[in-house]
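For reference, the structure I am asking about is given below.
Chain letters run A, B, ... following the sequence lines, proteins first, then strands; residues in each count from 1. Predicted model only: the values in this text are computed from it and were never measured.
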There are 4 protein chains.
Amino acid sequence: MSTDSPNRQDPEETARRSIGARRNPASQEAILDAAEAVLEEGGIAGFSIEAVARRARAGKPTIYRWWPHRTALMLDVYKRFKNAKAFPDTGSLRGDLVSFLGDHLLGFWHGSLCGTVYRAVVAEAQTDQEAAKVLNAYHDERMAHSVQIVDRAKSRGEVPQDTDGELIIGLVVSYAWHKLLLGQVEEAMEKVPRVVEVILKGVPGYRG
Amino acid sequence: MSTDSPNRQDPEETARRSIGARRNPASQEAILDAAEAVLEEGGIAGFSIEAVARRARAGKPTIYRWWPHRTALMLDVYKRFKNAKAFPDTGSLRGDLVSFLGDHLLGFWHGSLCGTVYRAVVAEAQTDQEAAKVLNAYHDERMAHSVQIVDRAKSRGEVPQDTDGELIIGLVVSYAWHKLLLGQVEEAMEKVPRVVEVILKGVPGYRG
Amino acid sequence: MSTDSPNRQDPEETARRSIGARRNPASQEAILDAAEAVLEEGGIAGFSIEAVARRARAGKPTIYRWWPHRTALMLDVYKRFKNAKAFPDTGSLRGDLVSFLGDHLLGFWHGSLCGTVYRAVVAEAQTDQEAAKVLNAYHDERMAHSVQIVDRAKSRGEVPQDTDGELIIGLVVSYAWHKLLLGQVEEAMEKVPRVVEVILKGVPGYRG
Amino acid sequence: MSTDSPNRQDPEETARRSIGARRNPASQEAILDAAEAVLEEGGIAGFSIEAVARRARAGKPTIYRWWPHRTALMLDVYKRFKNAKAFPDTGSLRGDLVSFLGDHLLGFWHGSLCGTVYRAVVAEAQTDQEAAKVLNAYHDERMAHSVQIVDRAKSRGEVPQDTDGELIIGLVVSYAWHKLLLGQVEEAMEKVPRVVEVILKGVPGYRG
DNA sequence: GCGTAACCGAGACGGTACGTCGGGTCTTCCG
DNA sequence: CGGAAGACCCGACGTACCGTCTCGGTTACGC
C-alpha cells in the first residue's frame, strides 16, 4: 500500500509539483501513505496534520484543501483497508454473525493499523462536531450495509420478518466498539461465539 | 454540587492561599468546580488545563501537582456525580437491567454534564497511554460492582450459578457506550426494554 | 524610530498576516518596537519574550523563529540605535578618545534606553552561554572598529606604530562598562577628560 | 570551606531543627555551603533559591528570612572567600597595582568559584534595584579600602598629594570587571604589567 | 517551670515565564 | 489554477522558580 513511495524520507528527491489546475493523485497518495506511516509510528497521539505534511513532503494547505478535518483524512486511511467488504454468506445467521464480529470487526481491527485508525476517528468525534457528523454518516452507511446479514436470515426463515435488524447488528457492533476502545480486542475475540449465542438465544437457563 | 462556590468569578475575592504543607481542600474544590464549569460552557473541545486554571484562579502547577493528566481530572469531575451508586433491587433481573441501562447509564449521562465528561475521558484514553490505564481501572471497578446485579439474579434462582455475569453486564454497558459515543443517548433510551429483552431471551422467534 | 507604529496597542487593529513563505518585515518591526517599549516601561526586569509578544501582538514562536535568545533580540534593539557609528575625526587622539568615551559610549548610554539595553545584554551574557557568544562577537566587532581611532593617531604620528591599540581602547571601554553597570554613567561623564588624560599621559606627577 | 559538611547529600542524616528563638548557625552554614555547591555545579544559570534550599535541606523561608535577595546570598558566599584582604606592601606603586590587579582581582577570580559568583552578583544588579544597592555598597566599601594603595604611594612620595586615587584604582578595577564579564580573565592576566604601565605612565611614546 | 515567641523543615499556594508544538490561514512563487 | 513552502497569529502544553503562607514541631527565654 505504501510501497509505491519508497523514498519518501529522502529529502533530495525531486519534489512533486503541480500538474496543472487539477488534483494531483500522486500527492494524495503520498499524503495517505504518510498518514498511515505516521499513525503506525507514533500512534494516535503522534498523529497531526503537521507530521503528515512533513512526512509527505506536502504543504499543510494541500492537505486542508482536500480534507477538511483530521477525521476525514483518518477515515480515508481507514477506508483504504476496507475494500473487501462483502460479508460471506455462511448459510446461517449464527455463522454470519460470528464471522461479522470475529472477522469483519474484531479480526479486522486486531493487530493491524485499522484498529488504531478507528479508535482515533472515534476519539476525534468526541471532540469535534464536524468529525462527529462524518463518523455518524460513515457509521450509518456501514450499519445499513450490515443489516443485510439479518435480511438474509429473514429470507432463510431463521427469524421473523419483523425482526429489528438494527438492534441485533447494533448489539454486535456495540460489543466490538467497547472492546476496541478499551484496548481489549484480542481478549474479546475468544468470546465471540458466546456473545453471538447470548444475542441470538438469550442468557442460557434464564427463566423470566 | 458546585453551588457552594457562588462568587468564584469575582476577581476581588480574597485569594486562596496555602494552608501549610498539605493539600488545600478549597483549592481542590475550586478546581473541580471550574473543570465542571469549563466543560459545561465549552464542551470537550474547550477543556484545557489552562482554561480550568484561569477559571479556578489557580496556578497550573497546582493542578498538575494533584492530577497528572487531564483524564484524571475529568474522572474526578465525573466521580463527583457518581455518589448514589447503589443499584436498586427491583426484584427481577429484567427490572434490574432496565434500571441499570436506562437510569444508571443512559439516564445518568443524558442531558447532564456526565455524558460529556465520560465521552471526553474515553476519547482521551484513545490518545494517551496513561489515560487508558486510568479509564481501564475505573471501568474494571465499575464492572466488578455492576455484576452484583447478576449475582442477585443467581441468588434468586433466575439464572444458573455458572452464568457469565461479566458477559451480560458487558453487553449492556457496550450498548450504552456505543450510543453515548455516537451522541445518540436520547434515542437509545426508548429502546432500553427491547435491548434488555434481547439480551435476556435472545432474538424473538429465532429458530437456530 | 518607533514612531511609525502609533496604534500598536489598539487590539482592534487588523492583525498582521503572513505574506507568504518569507519573513514579514512588519512583524519584525513590530516586535522590535515592542521590545523597545517593554524595556522602556518595565526596565530590564520586566523584559520577557512573553511581554514582547503580547505587546507586539505576535506569537511567541514568531519571535523564537527569528531570534534564538532574548539576548539576540536585545542586541537588535540596541543596534537600531547604533546607526551613526562613524567616529568623527577631531584631529587629535585626545579629542578622539574624549569624543569616543564621552559621546559614543557614555553619552550614548546616558538617559536613553540604550544604556538599559546594553546592561541587560551584559547581564544576560553572564547567565547564558549562548548570550555570551553573541555578546563577545558583537564586542569584538566593535573593538575592531574602534581601534581605528588609534590607527588614525598612528598615521598622524601621535603614537608609535607598535602601539597596542586594543589595550588603549580596551581601557576606555572598560571604564565605560564599569560605570554603566554600576549605574554611574552620569557621574562618569564629568571625569571623561581626566580619564583620557591618565590613559594617554599616565598619573600626573608620577615618578616611577 | 565546605569540607565541614561531608554528609550533606545523605538524606537519612538527622535533620537540623530549630535551636530556639534564634538563628541556627548550622543552617546558615549549610545554606552557604549549598549555595556554593550549586554555583559550582550548575553555574550562574542553575542558581536558584529552590536549588539552594533543596541542596541544603532547608526551607525556602529560612533562606528568605536571613537573605532578602539572591544577591545578598551570593555576596555572602563571595565574602567567605575574601578573608585575606590585606594588600601586601610591595614597596612601590607599580608593584602594588600589579599585585592588586593580577592577584587580588583577576587572580582571585580566575579558576575558582569567586569569578562566577561575582559575575552573578553583577548580573543580578542589572536586573534588581535592591541588588544594585547591595552591590554598590559593597563596591564602595572595597574601593575605599583599595585606595590605600595610592595613599601608600603618596606617603612614599611616588605621586603628588592631590592625586585622584579613586580614578586610578577605578581604572584598574574597570579593566578587571570588563575582562571578568567577557569571560576573558585568563587572557587578561598576561597583560597586567602593561596595563599598569599605561595607567602609570601613559601611552608609550605618546606625544600630545 | 511554664507559656510563648521565634526558629526550623517542609511543602502547597497563586503566579509568571519559559521554550515547544500544533492548529488553521494566508501569500508568494513555480509549473 | 494546483501545489510546495513556509511565515503568520494564536493558544495550549508541561516545567521551573518566584516569593508567600501555614503547618507541626522544637528550643530557649521571661514571667
Taking the side chain as every heavy atom from C-beta outward, state whether D/M74 and D/F47 have any pair of such atoms under 4.5 Å apart. yes

On the nucleotide E/dC13, are OP1 or OP2 found under 4.0 Å from the side-chain N or O atoms that B/W66 carries?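 Looking at the OP1 and OP2 atoms of E/dC13, one of them is under 4.0 Å from a side-chain N or O of B/W66.
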
Nearest-Å distance for atom pair CH2/C1', residues D/W67 and E/dC8: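 Roughly 13 Å, once rounded to whole Å.
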
OP1, OP2 of F/dG2 versus side-chain N and O of A/Q28: anything below 4.0 Å?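 No.
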
When you check the phosphate oxygens OP1 and OP2 of E/dA12, does a side-chain N or O of B/R23 lie under 4.0 Å from one of them? no

side-chain hydrogen bond (donor to acceptor under 3.5 Å, both in side chains) filter on C/R23, not counting sequence neighbours, yields C/Q28

In B/S/- notation, 5' to 3', how is nucleotides 23-31 of chain F contacted by protein heavy atoms closer than 4.0 Å? S-BBBS---

Verify the contact: side-chain N or O of D/R57 to OP1 or OP2 of E/dG9, cut-off strictly under 4.0 Å; return yes or no.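 The answer is no; no side-chain N or O of D/R57 sits under 4.0 Å from OP1 or OP2.
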
Taking atom types as they are modelled, would you say the side chain of A/K60 forms a donor-acceptor pair with the base of F/dG6 within the 3.5 Å cutoff?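 No pair found.
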
Quick one: B/R70 CZ to F/dG11 C1', roughly how many Å, whole number?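 Answer to the nearest Å: 13 Å.
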
First of C/F47 and B/T62 reached from the 5' end of DNA chain E, by closest nucleotide: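 Upstream on the strand: B/T62.
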
Answer yes or no: is there a side-chain heavy-atom contact under 4.5 Å between D/L135 and D/Y118? yes

For C/Y138 and C/V121: C-alpha separation, side-chain torsions, deciding distance, then whether side-chain contact (heavy atoms from CB on, under 4.5 Å) applies. CA-CA 11 Å; C/Y138 177 74; C/V121 172; over 6 Å; no

Salt bridge D/E50-D/R55, side-chain N to carboxylate O under 4.0 Å: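 No, D/E50 and D/R55 are not salt-bridged.
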
Do C/W67 and C/L32 have side chains that get closer than 4.5 Å, going by heavy atoms? yes

Pairwise 5' ranking along DNA chain E for A/E50 and D/S27, keeping only the more 5' one: D/S27

Taking the side chain as every heavy atom from C-beta outward, state whether B/V122 and B/Q126 have any atom pair closer than 4.5 Å.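 Side-chain contact under 4.5 Å: yes.
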
C/R54 side chain near E/dA17 phosphate (N/O to OP1/OP2, under 4.0 Å): yes

Atom-to-atom span, CZ of B/R65 to C1' of F/dA16 - whole angstrom: 12 Å

Expressed in angstrom and rounded to an integer, what is the separation of A/I31 atom CD1 from F/dG3 atom C1'?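 Taking atom C1' of F/dG3 as the reference, CD1 of A/I31 is at 9 Å.
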
